[in-house]
2 protein chains.
Amino acid sequence: MIKVIITEDNDTIREGLCLLINASDGMECIARFTNCEDMLTALPGLKPDVFLQDIGLPGMSGIEGVKNIVQQIPGATILMLTVFEDEENIFEALKAGASGYLLKKTPPAQLIEAIKDAFHGGSPMSSNIARKVVTFFKQAPSSKLKESYGLSQREKDILASLAEGNSYKIIADKLFICIDTVRSHIRNVYKKLHVHNQSEAVAKAFKDGII
Amino acid sequence: MIKVIITEDNDTIREGLCLLINASDGMECIARFTNCEDMLTALPGLKPDVFLQDIGLPGMSGIEGVKNIVQQIPGATILMLTVFEDEENIFEALKAGASGYLLKKTPPAQLIEAIKDAFHGGSPMSSNIARKVVTFFKQAPSSKLKESYGLSQREKDILASLAEGNSYKIIADKLFICIDTVRSHIRNVYKKLHVHNQSEAVAKAFKDGII
DNA sequence: GGCACAATCGCATGATCATGCTATTAAAGC
DNA sequence: GCTTTAATAGCATGATCATGCGATTGTGCC
């Protein structure tokens with residue numbers, strides 16, 4: 001039996017969830033609360049497997065609640081069940097330690113599946129939530145929208161080679177060009193990046209995702 | 001009709017997928033390839049909605065393939081379909097622009113659902129993949145446990161100053177120490193990081209999050 | 001054709017760095 | 001008390017770099 005705890009202030013939704021869970025095979029709702037404070041004080045006496053956690057609660061927010069839960073029970077399985085679809089809430093909840101993130105409009109059958117999934121180590125997420133999480137990765141490190149300061153491919157190559165610790169001589173040999181050409185390229189890189197030595201150039205290249 | 005392109009080197013799997021998709025309502029496999037190179041050259045003539053992309057391919061890897069696809073078609077919907085479950089591959093694929101990530105052991109019915117889901121803006125992921133992605137967020141802020149290679153605070157300061165483009169002389173003045181001391185610290189940094197010049201040290205510092 | 005620009009090459013010189021070896025002091029650990 | 005380590009400092013030298021000035025090619029654009 002998967003033992004579930006619900007924290008949700010809306011009476012209709014809370015009781016509905018409770019009924020749904022108890023009506024499903026293999027799981028039961030062992031407790032339900034209208035706010036985080038009550039849930040946290042009652043927690044030590046309970047041995048829940050999965051938390052269903054609203055975000056918009058009176059008093060302590062659901063996300064704060066998640067932080068407190070993981071403090072008491074590291075590795076707890078927590079499913080956010082909320083109306084909020086904004087990235088702020090999503091990422092905050094996941095950072096706090098939530099395992100999954102479902103929207104309240106999730107159909108009952110799927111919700112039951114999600115609880116089972118989470119209990120077995122999965123991370124159920126509503127479709128559009130998953131897309132937002134994935135999109136986060138695309139933006140973060142691969143932001144090649146940046147100007148690159150107009151560096152040519154050759155200049156980027158040489159800059160990258162520099163970051164690997166190669167000297168002008170080595171770079172020249174690797175690229176089959178003369179050392180003076182390397183010098184010339186790096187000189188241009190410095191101009192474009194507005195720097196005056198290798199370290200600063202490499203640092204800027206990393207910060208701005210050129211390398 | 002959702003138009004699907006498959007890139008997969010294993011004949012059995014590729015043809016199986018193709019049959020499965022063509023047997024499903026609302027989608028068809030308009031092309032299939034055994035490697036990325038062929039796929040990319042044929043791409044301009046096709047108007048696919050969803051890519052099914054293997055990772056372990058001969059020649060260009062599937063992840064490199066993804067990067068090339070998004071260059072040609074920004075916003076393309078790409079589903080990774082692979083045996084790799086390691087975080088390296090998962091995150092690289094998502095960073096490159098994949099919309100979803102499925103394991104090859106995914107049952108056919110679920111695969112079809114995933115294609116539809118992706119087409120409609122979702123990000124289908126196998127359960128354990130989703131968990132790994134979610135876990136990434138938990139670690140993210142507390143990932144300051146990184147080795148740092150045993151650099152002392154002073155050494156980190158000097159390394160950071162170096163990355164700002166300061167010369168030994170400037171660093172010495174800023175920290176109110178002698179230039180030979182700066183030299184000495186940097187010498188130790190080089191030893192600890194196993195590098196032999198500023199650029200490599202700065203690059204490593206960025207890669208490993210020391211700075 | 002003319003213009004801009006990337007990529008190539010050359011030379012010279014003062015500035016800066018990498019590295020070897022040594023040494024002192026204070027704090028931390030056993 | 002002894003050992004280790006971080007932080008400080010010194011010296012010397014060959015290697016490497018930063019920068020100024022100049023030059024030739026090929027490509028793409030108007």
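In this text the structure is predicted, and so the values were computed from the model without any measurement. Residue numbering restarts at 1 for every chain, and letters A, B, ... go by the order of the sequence lines.
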### Summary
Rounded to whole Å, the CG-C1' distance (A:Asn188 to C:dA4) equals 14 Å
### Message
Applying a 4.0 Å non-hydrogen cut-off, can you work out what A:Asn197 is touching in the nucleic acid: base, sugar-phosphate, or nothing?
### Response
sugar-phosphate
### Task
Would you give the length of the straight line joining atom CG of B:Asn22 to atom SG of B:Cys18, rounded to the nearest 0.5 angstrom?
4.5 Å
### Message
Treating B:Asn89 as the side-chain partner and B:Phe84 as the backbone partner, does any N or O pair qualify as donor plus acceptor under 3.5 Å?
### Response
no
### Query
Is B:Asp86 salt-bridged to B:Lys132, going by a charged N under 4.0 Å from an acidic O?
no
### Query
Do NZ/NE/NH1/NH2 and the carboxylate oxygens of A:Glu8 and A:Arg32 come within less than 4.0 Å?
no
### Message
Rounded to whole Å, please give me the gap between CD1 in A:Ile186 and P in C:dT8.
### Response
13 Å
### Proximity to the side chain of A:Cys178 - top-ranked nucleotide from C:dG10, D:dT19, D:dT16
C:dG10
### Task
Figure out the CG/P separation between B:Leu151 and D:dA7, and round it to whole Å.
10 Å
### Polar pair under 3.5 Å, donor/acceptor by atom type, side chain B:Ser184, base D:dT8
yes
### Query
Charged N to carboxylate O below 4.0 Å: is that the case for B:Glu85 and B:Lys104?
no
### Query
Within the structure, does a side-chain N or O atom of B:Lys192 lie under 4.0 Å from either OP1 or OP2 of D:dT5?
no
#### Entry: Candidates D:dA9, D:dT8, D:dA6 - which lies nearest the side chain of B:His185
D:dT8
### Task
Answer yes or no: does a side-chain N or O of A:Tyr190 lie under 4.0 Å from OP1 or OP2 of D:dA18?
yes
### Check: B:Gln153/B:Asp157 side-chain N/O donor and acceptor closer than 3.5 Å
yes
### Task
Send over the distance from A:Glu155 CD to C:dC5 P, rounded to a whole Å.
12 Å
### Task
Using a 4.0 Å heavy-atom cut-off across all strands, classify B:Thr181 as base, sugar-phosphate, or nothing.
base
### Task
Describe the nucleic acid contact of B:His196 in one word from base, sugar-phosphate, nothing, applying a heavy-atom distance below 4.0 Å.
sugar-phosphate
### Distance in angstrom units between B:Lys191 NZ and D:dT5 C1', rounded
13 Å
### Task
Kindly say if A:Gln198 contacts the phosphate of D:dC17, meaning a side-chain N or O under 4.0 Å from OP1 or OP2.
yes
### Query
Axis-to-axis angle across the helix from C:dG1-D:dC30 to C:dC30-D:dG1, five pairs an end, to 10 degrees?
70°
### Task
Could you check whether the rings of A:Phe206 and B:Phe206 sit parallel, tilted or perpendicular, using 30° and 60° as the cut-offs?
parallel
### Message
Rounded to whole Å, how long is the line connecting atom CG of A:Leu175 with atom P of C:dC9?
### Response
10 Å
### Message
If I take atom CD1 in residue A:Ile158 and atom P in nucleotide D:dT16, what distance separates them, rounded to the nearest angstrom?
### Response
17 Å
### Query
If you find the nucleotide of DNA chain D closest to B:Ser152 and the one closest to B:Arg187, which residue's nucleotide is nearer the 5' end?
B:Ser152
### Task
Take atom CZ of B:Arg183 and atom P of D:dA12, then tell me their distance rounded to the nearest Å.
12 Å
#### Entry: Basic-acidic side-chain contact under 4.0 Å: B:Lys191, B:Glu155
no
